[in-house]
Amino acid sequence: MNRAADQSEANPLREGLSTRAVPQPCSVVIFGATGDLTHRKLLPALYNLAADGELPPAVAVIGFARREKSDDDFRRVMEEATRKFSRQTVRDEIWKTFSQSIFYHQSDFSDEAGFKTLAERLDKIDKERGTRGNRLFYFAVAPDQFEPILKHLKTAGLNKAKEGSWARVIIEKPFGKDLASARELNRVVSDAFSENQTYRIDHFLGKETAQNILVLRFANAIFEPLWNTRYIDHVQITAAETLGVEGRAGYYEGAGALRDMVQNHLLQLLCLIAMEAPSDLSADSIRDEKVKVVRCLRRMVTDEVASNVVRGQYAEGAINGQSVPSYRSEKNVDPKSTTDTFVALRLNIDNWRWWDVPIYMRVGKRLPKSGTEISVHFKKAPFVLFNKGTNEPNVLVIRIQPDEGISLRMQAKMPGTSFRIEPVKMDFHYGTSFGKASPEAYERLLLDAMSGDATLFARRDEVEEAWALIDIIENAWSAKKNAPDLFFYPAGSWGPEEADELLARDGRSWRRF
Ligand code: BG6
């Protein structure tokens with residue numbers, strides 16, 4: 001029997017186990033509607049939800065931006081973008097219906113009048129389209145635009161919903177550039193919206209495989225008893241990209257890999273791997289457990305940064321046989337830039353479960369392959385019986401992307417008359433087991449925000465705790481005296497050699513991708 005078809009009949013994850021709250025009719029107002037995120041992610045995600053019949057019965061999308069445009073102009077641009085970036089081929093009849101719910105509102109973010117007319121327009125849309133006074137404000141803009149937008153939303157009364165309706169705000173990263181700016185941003189946001197109206201997006205949490213970490217750990221009885229310092233030797237998390245800075249130097253120069261990826265995405269993945277079981281599946285129970293992990297991360301003192309964190313920047317090199325320029329010669333990058341495009345870190349979680357289990361993370365641009373994975377390396381079996389020659393430990397690999405799935409490496413006897421032992425893999429692939437493509441992270445997250453489910457969004461305390469850790473490293477790097485070195489690596493390599501040495505010093509090595 002065809003395996004996928006077989007599993008589709010028996011697989012409980014395909015039916016009946018959904019605990020999702022119902023997404024409600026609403027207007028989605030996108031600030032920064034002419035920007036890259038709207039084109040590449042938001043509109044394609046909304047279209048795919050529409051095509052899969054997942055959107056609530058009434059949804060209106062209102063693009064808010066400065067440039068002069070009619071609704072029809074905006075629809076045309078969005079159609080082009082959706083055709084280019086959608087994960088499913090755009091079907092004309094679906095687009096035609098969906099596009100009728102897209103509108104454009106032209107205004108400057110600092111123009112109070114533009115928000116007043118927005119409020120009137122939303123009221124009209126509610127009446128005509130049945131969006132019930134529910135509003136989702138999506139901030140796809142640079143953080144320096146947050147304050148005026150929030151101020152004017154408040155003046156126009158749009159931060160408060162009418163009786164029986166809701167108003168929510170989705171905030172894109174970067175959520176600050178250090179603890180002080182994140183706190184300030186939180187203060188500004190909380191002046192208009194309460195914490196339970198605020199959805200700080202971390203798109204890694206919307207990835208199917210990231211969500212599956214909790215299922216793997218807490219819906220299976222066999223892992224939890226082993227999930228601790230007694231059986232786990234160490235954990236590795238790698239997020240590799242072949243892409244370079246791709247025209248985002250304006251943002252990336254002031255951020256770097258540590259702020260861009262570690263502060264949010266990688267620490268969020270670590271929290272899912274390391275957290276205790278929540279008391280229930282509510283957003284706050286899960287986030288309470290996650291934030292405890294960040295709080296337990298050992299804070300380095302400045303002198304320890306150099307020996308626990310390696311920063312790198314790509315030099316000229318080749319990716320897939322094509323030569324690519326160095327970071328410093330990319331457009332809008334300072335030729336003397338010291339921005340990190342690669343980081344490798346060694347972290348420790350100071351609690352009973354993870355005592356003495358190092359966590360190694362690495363993230364980088366212009367690496368030889370693209371992919372994100374977490375590997376849990378178990379301790380070796382005793383050297384008593386078979387393992388005198390080779391003794392490969394068990395490794396559980398969670399592939400976040402691509403080829404989403406999980407594999408377990410174990411030892412097996414090779415067929416034959418002698419006792420030769422070789423490592424083999426037990427492998428689960430989402431694609432073949434479920435016979436269905438995973439939705440894009442933004443699809444899931446938009447629906448969650450429409451349902452009022454904040455589980456996959458970062459809470460204020462998580463974000464601030466994460467910055468407190470990152471600040472120590474950034475401060476050491478920017479110190480005038482004795483700052484740790486920046487190491488260069490050729491594009492297309494796995495980062496500077498010092499990243500390998502970080503593990504070699506502990507008698508370990510990075511898992512080969
Ligand atoms: C973004 C970072 O948050 O995540 C980018 O700003 C990075 O620099 C991207 O390329 C990676 O996300 P994904 O989903 O493509 O792995």
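Index from 1, following the sequence. We count ligands from 1, going down the list as the structure has it; atoms in each ligand are counted the same way.
- Applying ring pair (Phe, Tyr, Trp, His ring centres under 6.0 Å) to Phe146 and the options Phe109, Phe137, Phe139 leaves one that passes, Phe139.
- Listed as neighbours of ligand 1 are Lys173, His203, Phe204, Lys207, Glu241, Arg248, Asp260, Met261, His265, Lys365, Gln401, each bearing a heavy atom under 4.0 Å from the ligand.
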Would you check, one step at a time, whether the test side-chain hydrogen bond (donor to acceptor under 3.5 Å, both in side chains) holds for Arg508 with Tyr360?
CA-CA 10 Å; Arg508 301 187 176 99; Tyr360 302 100; 2.9 Å; yes
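- Crowding of Asn320 atom CG: a count of heavy atoms from other residues, nucleotides or ligands under 6.0 Å not exceeding 12.
- For the pair Phe204/Asn264, no side-chain contact is recorded, criterion being any heavy-atom separation below 4.5 Å from C-beta on.
- Taking CD1 of Ile406 as the reference point, atom CZ of Phe223 lies at 7.0 Å (rounded to 0.5 Å).
- Side-chain contact check for Ser451 and Asp448: no donor-acceptor pair (N or O, by modelled atom type) lies under 3.5 Å.
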